[in-house]
2 protein chains.
Amino acid sequence: MPEFLDLHGRTNKVVRAAAEAVLRRHGLRLGQDHLLAVLWEHDGSTPGEVAAALNVTTPTVVKMATRMTAAGLLTRRRDDRDSRLVRLWLTETGRALREPIEAERRLLEEKITADLTETERRHLMSALAKIHRSASDVLGGAPIDPAD
Amino acid sequence: MPEFLDLHGRTNKVVRAAAEAVLRRHGLRLGQDHLLAVLWEHDGSTPGEVAAALNVTTPTVVKMATRMTAAGLLTRRRDDRDSRLVRLWLTETGRALREPIEAERRLLEEKITADLTETERRHLMSALAKIHRSASDVLGGAPIDPAD
DNA sequence: CGCGGAACGTTAGCCGGTAAATGATTAGCC
DNA sequence: GGCTAATCATTTACCGGCTAACGTTCCGCG
């Protein structure tokens with residue numbers, strides 16, 4: 001059992017759980033803050049645009065938007081000029097969450113990286129970036145087997 | 001949007017995707033290799049034991065075991081002496097996957113950490129361990145609000 | 001011996017994520 | 001102008017994960 005894969009996975013799990021706990025106190029679920037973040041910057045984005053911004057598939061955004069609409073955070077409206085498009089608009093409630101959620105997220109990051117020195121933190125980010133790149137290469141370069 | 005939370009999350013996602021791609025070529029899905037790993041060491045474990053070993057809830061193991069049984073990787077049998085217990089036994093197919101899957105996993109880890117020097121890798125593991133600990137503390141220390 | 005509580009696995013229902021099929025609308029080309 | 005092809009969102013169906021409710025089986029105590 002490779003060490004890094006294991007540790008990284010376990011770490012991600014507990015970090016996710018911590019984020020989930022924080023978000024729940026504001027009535028949000030795990031990915032919903034990211035969706036909101038896109039709209040905070042570009043209110044009226046389409047599901048496809050949001051999906052692209054979040055590196056997620058469109059159905060994921062559609063379903064999440066449905067729940068968030070029911071929760072009163074969003075509004076769905078078809079685009080007037082191109083009725084294939086749907087635009088997601090923030091409600092006042094959704095807009096009001098921006099400050100608290102952003103603060104909460106900063107606080108969580110601080111807590112979680114509290115035991116690291118500034119140097120450690122820089123090195124960690126750099127190493128993670130390299131891992132991210134390598135993993136992307138594995139993903140993008142290997143799926144098609146040329147000998148097949 | 002905090003840097004570490006963001007980068008760590010994105011990295012995890014691409015790493016997961018890479019692992020998924022590898023496993024799929026062997027007919028497995030994302031968490032199933034972990035379940036198998038437990039049985040490779042302790043064949044005949046109960047769902048509860050497996051769940052504890054994987055840091056996952058029992059229902060997750062139960063459902064996964066159901067699918068893996070249907071896929072011919074596992075066998076379910078009630079314990080003779082205590083019929084509350086259910087024991088999961090590897091089939092020959094499930095047992096035969098051990099070598100290839102472990103090799104595949106080692107290879108993936110190598111590929112993914114290829115751009116890191118040995119020092120970088122050590123520092124990364126150490127930093128991740130600290131993060132893991134801090135996040136666990138956030139999770140275990142904050143959920144109960146004493147003022148409530 | 002019996003009865004209540006503890007220890008299990010299973011089921012049901014939700015959430016985020018994916019791929020694949022469906023449906024509606026626009027754009028483009030003849 | 002009309003037919004085809006591209007572009008969107010949505011639906012369906014699956015998977016891993018969780019919590020909560022349920023049903024069995026055992027254990028210990030009176």
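Throughout, a chain's letter reflects where its sequence line sits, starting with A, and its residues are numbered from 1.
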Problem - B:Arg121 side chain near A:Glu3 side chain, heavy-atom distance below 4.5 Å - result: yes
Problem - Between C:dC15 (C1') and A:Met68 (CE): distance, integer Å - result: 13 Å
Handout entry: d(CZ, B:Arg78; C1', D:dT25) in whole Å
Key = 9 Å
Exercise for the section: Answer yes or no: is there a side-chain heavy-atom contact under 4.5 Å between B:His8 and A:Arg16? Expected result: no
Fill in the blank from the handout: Taken to the nearest whole Å, CG/A:Leu85 to P/C:dA27 is 10 Å
Exercise for the section: Return no unless some side-chain N or O of B:Arg76 is found under 4.0 Å from OP1 or OP2 of C:dT10. Expected result: yes
Practice task
When you get a sec, tell me which of D:dA9, D:dC26, C:dT26 is the closest nucleotide to the side chain of A:Asp82?
Solution key: C:dT26
Handout entry: Contact letters for nucleotides 11-17 of chain D, in which S counts primed atoms plus P, OP1 and OP2 and B counts the base, heavy atoms under 4.0 Å
Key = B---SSB
Practice task
Using a cut-off of strictly less than 4.0 Å, decide whether A:Ser83 has a side-chain nitrogen or oxygen near OP1 or OP2 of D:dC8.
Solution key: no
Exercise for the section: Round to the nearest Å and state the distance from A:Leu88 atom CG to D:dC8 atom P. Expected result: 15 Å
Practice task
Using atom CD of A:Glu49 as one end and atom C1' of D:dA9 as the other, report the distance to the nearest whole Å.
Solution key: 13 Å
Practice task
Rounded to the nearest angstrom, tell me the gap between atom CG in B:Asn12 and atom P in C:dG17.
Solution key: 12 Å
Completion exercise
Nearest-nucleotide check on DNA chain C, B:Arg24 vs B:Thr46; residue mapping nearer the 5' end is B:Thr46
Practice task
Given side-chain hydrogen bond (donor to acceptor under 3.5 Å, both in side chains), test A:His26 with A:Glu104 step by step and report yes or no.
Solution key: CA-CA 10 Å; A:His26 295 268; A:Glu104 202 82 75; 2.5 Å; yes
Problem - Considering all heavy atoms, the nearest A:Leu35-A:Ala65 contact - result: CD1-N, 4.4 Å
Fill in the blank from the handout: Paired with A:Arg87, the side-chain hydrogen bond (donor to acceptor under 3.5 Å, both in side chains) test is passed by just one of A:Asp79, A:Thr75, A:Thr46, A:Asp80, namely A:Asp79
Exercise for the section: Could you check whether A:Arg87 gets within reach of a base, just the sugar-phosphate, or nothing at all, counting any heavy atom under 4.0 Å? Expected result: nothing
Problem - Length of the CD-P vector between A:Glu20 and C:dC14, whole Å - result: 16 Å
Exercise for the section: Using the rule that two of Ile, Leu, Val, Met, Phe, Trp, Tyr join whenever any of their side-chain heavy atoms come within less than 4.5 Å, decide whether A:Leu54 and A:Val86 are in one cluster. Expected result: yes
